[in-house]
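For the single chain, residues carry numbers from 1 onward in sequence order. Quick note: numbers below take in every heavy atom, side chains included, and nothing from hydrogens, waters or symmetry partners.
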Amino acid sequence: MRMWMAALAAAMMTAAPVAAQQIGAPVDAKPGRPYRFKQSGITAPAELDGMRRADVRQLGTDELDVFAVYQDGPDAITVYVYRSLSGGVPVWFDRARASIEQRREMFGNVTPVVPTTFTPPGQSSASGLMAGWTLNKAPYRGTALAILPVGEWLVKVRYSSSKMDGAAVAARIPAVLGALEWPKTIPSAPAAAPVADCAAPLVFSATAAPVTDAKALQSAALSGGLVAAAEGEKKGVSTASSPVWCRDPAPAHMGAAYRRDGATDSYLLAISDSGRGFAIAPDVIARELGEAEGRKVQQWSVALYEPGSIATYTPMTGLPAPDTLIAALNRPILARTTTWGKKRNVSINPAFFK
């Protein structure tokens, strides 16, 4: 929970001065020289659009979620590079958009520029999304952001200006992206489109609660770890097509619920715009094991996707509303599976096997 709370705070502070951006751990980046994001192969120059690079920091470890900050007085450009195996550009762009439009205490009333798709450098499809906003609260007059995929990595650029309005700042984004150095080979990515509202809301279980049966928890810990290990083998994004995500109207104290291809029994609770989110879906393995024993089992698995791991949480007895799910997250995790590196390590919580 501390991890994604930190990610949420970082996303909210994107336009703040460098002095306020002391979240995460510093990364060794030599001043005045280009910085190469260690894992993705993307290189950020020492200067972007007339601003000097002031800081490079990471959330977590292994440089799987890194951001470089450029500063000129209150004006700032932040380049984020983070790994994500959940959601997609439309989902995380929608959360980034919300972090601007819902933060009136920082930006005042915002006037958005209609989001547009664009073809990122070195790619052949319009896999990126970009937008700008005109602000009416000092010190900023305008801000803009772009999100694009690079294989299993997402790149987010945020530009905030005290002089330019939203349209003018958005017009500077292509030059900023063009100044970055990209990998020579970038996997093909499907075209992106802004998320729309779902046609009909999800129907949640009013009695959804954490599963308490000891045998069911042991089974969920083992199967969840193995499923997560398989998920960790997926690299990059599909070159053929991409799921169509819609935004469910369900209220959530944190983030928002997104549904893949109109799903009626599952959703992704996306937290901020950092690629982290809780996937809630019917527990197929528990159902099949129950059928093999002549029992009817119906429960929903809960897994937290982070840049380098997937954490398996206690399953729920029904499809939980987002706030019901959040309230249940104070329980210990069942298992954690690494998804980065040569090996997939599955760590099972021994407390469930005593």
Side-chain angles (χ1 to χ4, degrees), residues 1-86 92 95-96 99 120-122 145-160 173 176-184 186 232 235-236 271-276 305-309 336 338-342:
M1 187 173 293
R2 288 194 297 271
M3 176 77 79
W4 49 260
M5 283 293 291
L8 175 63
M12 288 181 170
M13 295 167 62
T14 303
V18 170
Q21 291 218 35
Q22 299 306 307
I23 192 166
V27 173
D28 184 20
K30 296 181 180 180
R33 298 187 63 180
Y35 165 72
R36 183 180 183 276
F37 288 86
K38 180 179 177 181
Q39 311 294 7
S40 66
I42 298 166
T43 300
E47 186 175 295
L48 266 181
D49 212 30
M51 301 185 198
R52 293 183 178 180
R53 195 181 66 241
D55 201 7
V56 180
R57 306 184 75 83
Q58 70 169 323
L59 296 172
T61 59
D62 296 326
E63 295 190 31
L64 302 179
D65 185 351
V66 186
F67 58 97
V69 183
Y70 296 79
Q71 191 87 15
D72 181 16
D75 295 357
I77 299 172
T78 309
V79 179
Y80 299 82
V81 178
Y82 52 98
R83 184 171 181 261
S84 177
L85 296 181
S86 65
W92 306 118
R95 294 318 307 150
S99 72
L145 73 87
I147 294 184
L148 60 115
V150 179
E152 61 189 310
W153 303 91
L154 290 177
V155 178
K156 179 179 71 174
V157 172
R158 180 75 178 276
Y159 193 147
S160 296
I173 293 291
V176 171
L177 293 175
L180 301 176
E181 184 178 330
W182 303 92
K184 293 182 179 179
I186 299 176
K235 301 293 184 182
I271 305 300
S272 79
D273 61 347
S274 64
R276 295 169 171 84
Y305 283 70
E306 296 180 288
S309 67
R336 182 179 296 278
T338 60
T339 61
W340 176 257
K342 295 181 179 180

Problem set entry | Ring-ring centroid check Trp340 Trp153, cutoff 6.0 Å |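 Distance test on ring centres: under 6.0 Å, yes.
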
Point-to-point distance, once rounded to the nearest 0.5 Å, from [atom1] of [X] to [atom2] of [Y]:
X: Leu64; Y: Leu59; atom1: CG; atom2: CG; value: 11.0 Å
X: Arg33; Y: Arg53; atom1: CZ; atom2: CZ; value: 10.0 Å
X: Ser274; Y: Lys156; atom1: OG; atom2: NZ; value: 8.0 Å
X: Tyr82; Y: Arg276; atom1: OH; atom2: CZ; value: 9.5 Å
X: Trp92; Y: Leu148; atom1: CH2; atom2: CG; value: 15.5 Å

Taking the side chain as everything from C-beta on, heavy atoms only, tell me whether [X] gets closer than 4.5 Å to [Y].
X: Arg83; Y: Thr339; answer: yes
X: Arg57; Y: Ile23; answer: no
X: Trp182; Y: Ile42; answer: yes
X: Leu180; Y: Leu48; answer: yes
X: Val56; Y: Pro26; answer: no
X: Pro183; Y: Val150; answer: yes
X: Tyr70; Y: Pro45; answer: yes

Exercise. Between the main-chain N or O of Glu63 and the side-chain N or O of Gln58, is there a donor-acceptor pair closer than 3.5 Å?
Worked result: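 Yes.
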
Problem set entry | Gly73 backbone acceptor or donor facing Gln71 side chain under 3.5 Å |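 Side chain of Gln71 to backbone of Gly73: a pair is present.
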
Shortest non-hydrogen separation from [X] to [Y] and the atoms involved:
X: Ala96; Y: Ser99; value: O-OG, 2.7 Å
X: Val81; Y: Ser40; value: CG1-OG, 3.5 Å
X: Pro149; Y: Leu154; value: CA-CD2, 4.0 Å

Exercise. Is the shortest distance from a Lys or Arg side-chain nitrogen in Arg336 or Glu306 to a carboxylate oxygen in the other one below 4.0 Å?
Worked result: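 Yes, this pair counts.
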
Exercise. After noting the C-alpha distance and the side-chain angles of Tyr80 and Asp273, does the key distance pass the side-chain contact (heavy atoms from CB on, under 4.5 Å) rule?
Worked result: CA-CA 11 Å; Tyr80 299 82; Asp273 61 347; over 6 Å; no

